[in-house]
Amino acid sequence: MSPEEQLEILKRNAVDLVSEEELLERLKEGRPLNIKLGVDPSRPDLHLGHAVVLRKLREFQDLGHHVILIIGDFTGMIGDPSGRNETRPMLTEEEVRENAKSYAEQAFKILDPEKTELRYNSEWLSPMKFADVIRLAAKYTVARMLERDDFNKRFKEGIPISIAEFLYPLAQAMDSVAIKADVELGGTDQLFNLLVGRKIMEEYGLKPQIVMTMPIIEGTDGKMKMSKSYGNYIAFNDTPKDMFGKLMSIPDNLITKYMRLLTDIPLEDIERYEQEMKERKVNPRDVKMLLAYEITKHFHGEEEAKKAKEEFINVFSKKELPSEMEEVEVINGENIVDLLVRIKAAPSRSEAKRLINQGGVKLDGEKVSDIKYAFKLDGEKVLRVGRRKFYKLIPKS
RNA sequence: GGUGGGGUGCCCGAGUUGGCCAAAGGGGGCGGACUGUAAAUCCGCUGGCAGAAUGCCUUCGGAGGUUCGAAUCCUCCCCCCACCA
């Protein structure tokens with residue numbers, strides 16, 4: 001494929017590309033380029049937010065390029081004071097290896113293992129002496145650091161920023177130096193860090209890497225970016241049922257964005273759906289079903305995706321019971337509140353009572369409205385708690 | 001090093017003439033109604049325990065103290081921020 005054609009494919013969906021000319025030039029060299037992605041080993045649960053970037057990497061691979069995943073074990077083992085509230089836990093070497101392995105396993109659901117290399121950044125960061133660090137730090141200024149949006153904001157608002165945090169972008173830049181990255185990818189929130197890499201590479205006499213950022217996708221709540229800490233994520237490892245269900249719970253206005261960034265559905269089709277939804281020719285629910293199906297299929301295969309879809313339609317559209325329910329043994333005479341807490345359908349007795357009072361607890365379709373209700377089962381019954389939790393109750397003799 | 005301002009429930013954020021504060025408001029979460037779905041919208045709930053009426057227990061950075069009674073006052077300690085040096 002010609003460099004120009006490659007560029008066309010690669011720049012699709014990208015938000016920033018610094019710079020297009022440089023990328024084209026590099027593609028013209030005709031060699032496999034080193035494509036870098038930094039990986040945080042403290043969060044080995046991959047979710048659809050990661051998938052956006054990984055899919056772009058896959059495109060590079062399919063065009064013959066070489067992907068290098070940098071496991072940030074060095075920074076991980078020190079503990080990352082960055083971000084906001086929670087300090088990330090310090091990891092042992094063992095944990096890091098394990099997490100990295102788990103990360104790779106998940107990432108290979110998208111990436112081609114043959115064209116992927118794993119590197120640990122402790123390899124080059126550990127041997128650095130304090131003097132080396134100071135020399136590195138001398139190459140960047142505080143003013144430039146404060147250009148980073150979140151630093152700037154925190155500085156203005158009086159939220160603490162530790163010196164260590166200034167060092168992290170520099171450490172990340174050293175990764176680029178070490179592997180002589182041609183291109184580094186990241187989410188748009190990484191733009192600043194990636195650009196630091198360019199500058200530092202130049203300082204070390206290398207050609208600056210090309211920087212490409214991908215959109216950040218919103219999580220299932222439709223507001224905040226998808227992230228484990230917001231609890232609005234859809235994980236690679238979610239069960240097909242969960243994955244499908246969570247995808248169905250995204251707000252309608254996110255449907256086509258997800259399609260563009262997370263599926264191979266042709267662009268023309270996506271645009272057509274967009275149009276049809278706008279003209280109300282088609283029910284957004286059905287388009288969303290297609291989306292949920294496509295993504296679930298990618299991660300779990302056709303078979304499972306079909307099952308998940310049927311299950312969803314049964315339970316939520318037809319209001320039937322799910323095919324699989326947790327089974328719970330009940331002794332006759334057990335109080336409903338006790339049971340809810342015992343099976344962890346409610347975190348506390350107060351919460352259980354609240355659920356009952358609000359009409360959220362049903363036994364074989366009948367609302368249970370009495371807190372003092374005691375079971376007297378003569379056979380299996382289905383207990384529904386809220387909208388999503390189902391239990392099969394089995395009388396215990 | 002000096003001066004001043006802060007640390008509140010899952011998060012943000014009111015509240016400091018001591019009681020009416022389990023603590024306003026928003027977000028999130030949960031439940032209900034409705035629906036085209038676990039979308040949107042509307043209503044309600046949201047520390048724990050106990051319960052049909054406002055009872056008890058544990059919460060407002062930490063440890064003590066004053067008081068019939070403290071998120072609110074005092075002492076010491078920890079942490080953050082700003083300005084000056």
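Below, chains carry the letters A, B, ... as their sequence lines are ordered, and counting in each starts from 1.
- Non-hydrogen atoms lying under 4.0 Å from RNA chain B are contributed by A:Arg285, A:Lys288, all within residues 285-307 of chain A.
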Which atoms of nucleotides 26-29 of chain B (N or O only) lie under 3.5 Å from a protein N or O atom, and what are those distances?
unit_1, atom_1, unit_2, atom_2, d
B:G28, OP1, A:Lys223, NZ, 2.4

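- Between the side chain of A:His65 and the main chain of A:Leu33, a donor-acceptor pair closer than 3.5 Å is present.
- Residues meeting the side-chain hydrogen bond (donor to acceptor under 3.5 Å, both in side chains) test with A:Ser2, sequence neighbours left out: A:Glu5.
- Within the 4.0 Å cut-off from OP1 or OP2 of B:A50, at least one side-chain nitrogen or oxygen of A:Arg349 is found.
- Comparing B:G48, B:G36, B:C30 by their closest approach to the side chain of A:Pro284 singles out B:G36.
- Remark: aromatic rings of A:Phe236 and A:Phe299 are close, center separation under 6.0 Å.
- In this structure, A:Arg97 satisfies the cation-pi test against A:Tyr120, with its NZ or CZ atom closer than 6.0 Å to the six-membered ring centre and inside 45 degrees of the ring normal.
- Between the base of B:A38 and the side chain of A:Arg387 there is no donor-acceptor pair shorter than 3.5 Å.
- For the contact set between residues 360-375 of chain A and RNA chain B, defined by any heavy atom under 4.0 Å, the members are A:Gly360, A:Ile371, A:Lys372.
- Within residues 246-254 of chain A, the residues having any heavy atom under 4.0 Å from RNA chain B are, by residue number, A:Met248, A:Ser249, A:Ile250, A:Pro251, A:Asp252.
- Remark: A:Glu303 CD is loosely packed, at most 12 non-hydrogen atoms of other residues, nucleotides or ligands lying under 6.0 Å away.
- In this model, the phosphate group of B:C49 is approached by a side-chain N or O of A:Ser348 to a distance below 4.0 Å at OP1 or OP2.
- A salt bridge does not link A:Lys297 to A:Glu304: none of the charged nitrogens lies less than 4.0 Å from a carboxylate oxygen.
- Taking only distance into account, the side chain of A:Gln358 never meets the base of B:G32 through a donor-acceptor pair shorter than 3.5 Å.
- Counting only residues at least two apart or in different chains, side chain to side chain donor-acceptor pair (under 3.5 Å) contacts with residues 357-376 of chain A are absent.
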